[in-house]
Amino acid sequence: MAEPVTVSDNKHKSQVNSGASYSGNGRSSAAAAERSSGGSGSSSGAGAAGGGLSGGLTQPAGWQSLLSFTILFLAWLAGFSSRLFAVIRFESIIHEFDPWFNYRSTHYLSSNGFYEFLNWFDERAWYPLGRIVGGTVYPGLMVTAGLIHYVLNLLHITVHIRDVCVFLAPVFSGLTSISTFLLTRELWNQGAGLLAACFIAIVPGYISRSVAGSFDNEGIAIFALQFTFYLWVKSVKSGSVFWAIGCCLSYFYMVSAWGGYVFIINLIPLHVFVLLLMQRFSRRVYIAYSTFFIIGLVLSMQVPFVGFQPIRTSEHMAAAGVFVLLQVYAFLQYLKDRLTRQEFQTLFFLGVSLAAGVVFLSVIYLTYTGYIAPWSGRFYSLWDTAYAKIHIPIIASVSEHQPTTWVSFFFDLHILVCTFPAGLWFCIKNINDERVFVALYAISAVYFAGVMVRLMLTLTPVVCMLSAVAFSCVFEHYLGDDMKRQSPPAEDSSDEDDRKNAGNLYDKAGKVRKHVSEQEKAEEGLGPNVKSIVTMLMLMLLMMFAVHCTWVTSNAYSSPSVVLASYNHDGSRNILDDFREAYYWLRQNTEEHARVMSWWDYGYQIAGMANRTTLVDNNTWNNSHIALVGKAMSSNETAAYDIMRSLDVDYVLIIFGGVIGYSGDDINKFLWMVRIAEGEHPRDIRESDYFTPQGEFRVDKAGSPTLLNCLMYKMSYYRFGEMQLDFRTPPGFDRTRNAEIGNKDIKLKHLEEAFTSEHWLVRIYKVKKQENRDRVEHKLRSSNANKQKYTSKKTSKRKRGYIRNKLSLKKGKKLQKKFL
Amino acid sequence: MTLLSEKVTQMMEWTSKRSVIRMNGDKFRRFVKAPPRNYSVVIMFTALQPQRQCGVCRQADEEFQVLANSWRYSSAFTNKVFFASVDFDEGSDVFQMLNMNSAPTFLHFPSKGKPRRSDTYELQVRGFAAEQLARWVADRTDVQIRVIRPPNYAGPLLLGFLLAVIGGLAYLRRNNLEFLFNKNCWAFSALCFVLIMTSGQMWNHIRGPPYAHKNPSTGQVSYIHGSSQAQFVAETHIVLLFNAAVTMGIVLLCEAATSDIDIGKRKIMCVAGMVLVMLFFSWLLSIFRAKYHGYPYSFLIN
């Protein structure tokens, strides 16, 4: 079923891409217009080239906007449809972990209303602490999805809220590509914008976070990010309060959607600061930044989760500092008109350095006295790259917080990672105010992406934009030959017509002398053969990019990870639906307020799918609570039972992949539980105890006895020793770790197995209640005094008979009284 | 009883002089081995003499000094725990007595009873960072030591020096500051930074992989790590060069079309750019394919 879809997707993509590259000549007209207008870099799209001619398809402007519109539409369509692999292969389902929480809260929002949602105290999470959801989430995502659901229902299009959530990210990817188009158009020209829009529609670095079902903040936040940047560039270029206010509103949306807004609030001040250093200060910058800072600050503080952070944490101080600096600078500029040159110079240096010093010192002072919170761990680990590894295991444990290898750069960006430095080169060579911005954006984002895999997401848009600049530069010169047209690389014929038409029409409109001369020169230089070869090769690269993107999306990023699939040798597919099976079992067979203990990864899923109370979840705000769970998992059963009883645990849920060879199970995560537990309870848990003396982590006979007797091990391998999976392997052979387990005879005392899913992926244990009477473990003490060997009492003297096991009557009280 | 208090006073006196007491055989027997003792002693057995050529000992000694100093000058300082060291060249008899043949070794002598297995610090597993040592000491003796490192002035000093040099140079060349406005210079450094990051140097910095791997049995050196989860330093350098080559190819293609130099050169530039892009990109793709198993696509080079 998936096959035909893949094919059609491919086709879509390659069409869109080639369409974009065809538009090269359409673009060159815009570029020409730009050049003729003195290179101010402000070709405002199709209109500029048209030169205010009245519309209709006979005019180039009309063709251009039709073409841009078509390409953007196709980009949206391609982006949307390539994100649907998971839905088509499986079903319309929410993916992974965090999206389950988002879905649950969106569901709450849509059924209870916005104010209820803001006041929502979730007693099902972090038992016994609970969680104030309204004050601890970025509500943008839920509000967006809820709003769409509400509007659709108003129009009597009755969709389930789940479907809105599933398809939200793919829809927003189209908006992202449009805002990328707008931003790139501001930075370079329209053709580059179209290329960038196509790139970002299908680039895996962004798809990884926005496939259908991945209902997460990032899905909408990248749109907000790009749109905010577009409006910022627009307001710097125009210096109008209108655009600056628009920028603030978009920023507000971003703040309400994702914690990554900190990137914006540091990047924009950095831009202003660098502009000041480059002596590119202007009224436009002053107006834009002053408006943005004040309104943006006030708006961002309206989000309950953010609250007073913008004025109280170090992450936001750079913005305030630059604001003060900008005011001082502007004031000095004002004084410049009133003073002599000599006076001014002294005053200028004195004033600027004094202001900088005062700002810096006051920030340090306030941090020191505690008015401003220092950098939080997650941000700090971005600068001091060894910090998290030593101090915060819970940050270091998350796989997406690892540094990035070159393979993942290439995997996520393919050709773009090689070409975007070229785009950066062109931008810096032809610098202006907004290109300073994109250069800073690229440099800072590439640093962050290098430190954390997860931040590849913020790098992706700028890579798309700069690569589009590079490609557009090449195409501009190698496709721009209009007089002698090379035979176009074979593709769809209608596209070709478009192209020719656009090109011819452009010839009529393009009456700029300079451009014509340039064209001649180019023609005399590089013959049509060379040009066509270059063009073909570039198109080839783009085609490979499109194919790569589809392959990556289909193979790497389209697994819901709630439902697993395995393929047989003949290509047929097995669906492993163990997670939902187990969660549904919990939902149906346990008491409504039962408390389920699991490792934090599964907290959101349990709450979302099983609707049961959890102890810890993916929010990870309370390290000591997580450490307690980790301690319970890594202690022996008796010690764990004490912890579990103190936490009122009814069920324990673990993930075990040994039967099917699933590598993401709890035994593989186990060392992190130990580490996190050790961080809080160094006396009871020691990481070294779980290793063999040679420092290995093994589950077989050679493994450390502490490991073989800890709760997690026992629960994972309970009765596993009786199971022979294969005739070639001994019973109790763990497929994930390729080892025969070391402890096959596992007895559980305080727990009993309640449920094990079909492929043993999820195992649920019930924590027994305490016995009414403590059973005595050991045998009753027997003293030798009473014990005597049986000797026949039939002696010669006593010849009486003897009945063995004769009941002996004891005289007691009457019992009737008790019953009365 | 008097003997005990005398010993404690003696130990306190030494500690006030040097936070790590240096011991020889006699002192060791008297103050650590001999019975009346109500204090724990953490001893580092080491070989610091230059002729022993023990580089690790020196580093371990520094960390141990940091730990001992943190304890000595902390407000919680008591006479329950002492830090001492025995050098091989001063107390080789102690080494023999304890049947010890490697240095450095950290041993804890508890106030009661004999040292057990866990009183030997697992140097191989835990490393000799002062923080790890402090955790071990806390574990063994119930004394929490907050490690306070003497602030490292080297970094800021170096930075200040560098800034001063740059400032000085700028001042000397104050009439000739065009290089600051040279776009090529800035663009080049930005490109360098970007290429360094995209080739995974940050990963190398954090994880510290080997430069290349030499197969011990065949002696073959492999520069490319077989898995997509890891990389060698050599590999990242190769990737950096390839990325740079593709970038340069694109720039050359553009330059060939726009610059004013004569046609022949421009044609050469154009072809060179094309070759650079194609060759190095397909090469990069083939390396990627070798690392990412199951990746189906390749171009020119398999």
Side-chain angles (χ1 to χ4, degrees), chain A residues 385-386 389-390 402-411 413 415 417-429 431 439 442-443 446-447 449-451 470-471 473-474 476-478 518 521-522 524-527 530 533-534 537-538 540-541 544 547-548 551 555 682-683 686 688 691 695, chain B residues 122 124-126 131 135 138-139 183-184 186-187 190-191 193-195 197-203 205-207 228-231 235-236 239 242-244 246-251 253-254 256-258 260 263 266-267 270-271 273-274 277-278 280-281 284-285 288 291-292 294-297 299:
Chain A
T385 44
K389 207 164 75 182
I390 300 168
Q402 308 301 323
T404 317
T405 58
W406 76 266
V407 173
S408 27
F409 273 110
F410 192 84
F411 188 70
L413 302 169
I415 180 79
V417 79
C418 320
T419 53
F420 97 97
L424 186 63
W425 173 270
F426 296 135
C427 274
I428 296 182
K429 288 283 275 183
I431 201 91
I443 289 167
V446 81
Y447 172 77
V451 179
F471 273 106
C473 266
V474 173
E476 192 176 318
H477 301 305
Y478 288 87
E518 218 176 59
K521 202 172 64 189
E524 106 189 288
L526 308 160
V530 176
I533 290 173
V534 170
L537 286 175
M538 285 293 148
M540 189 95 176
L541 287 183
M544 284 169 63
V547 170
H548 170 90
W551 186 83
N555 283 282
R683 315 227 36 166
R686 240 166 271 111
S688 52
F691 288 112
Chain B
E122 292 158 323
Q124 301 297 330
V125 182
R126 305 177 72 170
E131 287 81 8
R135 279 165 81 174
D139 192 35
K183 283 174 194 161
N184 282 335
W186 286 105
L191 243 60
F193 182 77
V194 164
L195 287 170
M197 282 298 157
T198 52
S199 61
Q201 304 298 331
M202 192 40 111
W203 195 90
H205 173 72
I206 294 174
R207 294 293 165 80
S228 61
Q229 303 293 318
Q231 59 190 13
E235 179 183 345
T236 58
V239 169
F242 283 15
N243 278 345
V246 174
T247 303
M248 206 166 93
I250 299 266
V251 172
L253 278 177
C254 275
T258 51
D260 302 328
I263 309 146
R266 278 169 49 193
K267 274 198 169 161
C270 175
V271 173
M274 202 157 64
V277 171
M278 287 303 139
F280 284 101
F281 181 68
L284 191 64
L285 198 63
F288 175 76
K291 278 176 75 86
Y292 201 92
Y295 185 73
Y297 307 113
F299 183 59

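Ranked by non-hydrogen atom pairs under 4.5 Å with chain A, the options B:Val277, B:Val246, B:Val271 are led by B:Val246. Counting heavy-atom pairs under 4.5 Å between each of B:Ala244, B:Ala187, B:Gly294 and chain A puts B:Ala187 at the top. Interface remark: of the candidates A:Val417, A:Val474, A:Leu537, A:Leu537 forms the most heavy-atom pairs closer than 4.5 Å to chain B. Among A:Val446, A:Leu541, A:Leu413, the residue with the largest count of heavy-atom pairs under 4.5 Å with chain B is A:Val446.
If you measure heavy-atom distances from A:Phe420 to chain B, the contacts under 4.5 Å come from the side chain alone. Looking at B:Val239, the atoms closer than 4.5 Å to chain A (heavy atoms on both sides) all sit in the side chain, from C-beta outward. There is no contact between B:Phe242 and chain A, counting heavy-atom distances below 4.5 Å. With a threshold of 4.5 angstrom between heavy atoms, B:Ala256 approaches chain A through its backbone and through its side chain. In this structure, chain B has a heavy atom under 4.5 Å from the backbone of A:Thr404, while its side chain stays farther away. Both the backbone and the side chain of A:Ile415 come within less than 4.5 Å of a heavy atom in chain B.
To the nearest 0.5 Å, atom CD1 of residue A:Ile428 and atom CG of residue B:Asn184 are 10.5 Å apart.
The backbone N or O of A:Cys418 sits less than 3.5 Å from a side-chain atom of B:Thr247, completing a donor-acceptor pair. Listed for the A:Tyr478 side chain is a donor-acceptor partner under 3.5 Å among the backbone atoms of B:Leu253. Under the 3.5 Å distance criterion, the side-chain polar atoms of B:Gln231 are left unmatched by any main-chain donor or acceptor of A:Val407.
Closest of all the heavy-atom pairs between A:Leu424 and B:Ala190 is CD2-CB, 4.1 Å. In this structure, B:Cys270 and A:Val534 approach most closely via the heavy-atom pair SG-CG2, 4.0 Å. Closest approach of A:Lys429 and B:Lys183 over heavy atoms only: O-CD, 3.2 Å. Residues B:Met197 and A:Phe409 come closest through the heavy atom pair O-CE1, 3.4 Å. Across all non-hydrogen atoms, the minimal contact from B:Ala257 to A:His477 is CB-CB, 3.3 Å.
In this structure, A:Thr405 and B:Arg207 have side chains that are not in contact, with every pair of non-hydrogen atoms separated by 4.5 Å or more. With contacts defined as side-chain heavy-atom distances shorter than 4.5 Å, the pair B:Trp203/A:Gln402 does not qualify. For the pair A:Pro421/B:Asn243, no side-chain contact is recorded, criterion being any heavy-atom separation below 4.5 Å from C-beta on.
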Item checked: Worked check of side chain to side chain contact (heavy atoms under 4.5 Å, CB included) between A:Met538 and B:Ile250 -> CA-CA 10 Å; A:Met538 285 293 148; B:Ile250 299 266; 4.0 Å; yes
Item checked: Chi angles and distances behind the side chain to side chain contact (heavy atoms under 4.5 Å, CB included) call for A:Tyr447, B:Phe193 -> CA-CA 8 Å; A:Tyr447 172 77; B:Phe193 182 77; 3.8 Å; yes
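Taking the six-membered ring where tryptophan is involved, the planes of A:Trp406 and B:Phe288 are perpendicular, since the angle between them exceeds 60° and thus also 30°. Using cut-offs of 30° and 60° on the angle between ring planes, the pair B:Tyr297 and A:Trp551 is perpendicular.
In this structure B:Gln201 satisfies the side-chain hydrogen bond (donor to acceptor under 3.5 Å, both in side chains) test together with B:Ser199, B:Asn204, B:Thr236, sequence neighbours excluded. With sequence neighbours excluded, no residue forms a side-chain hydrogen bond (donor to acceptor under 3.5 Å, both in side chains) with B:Ser228.
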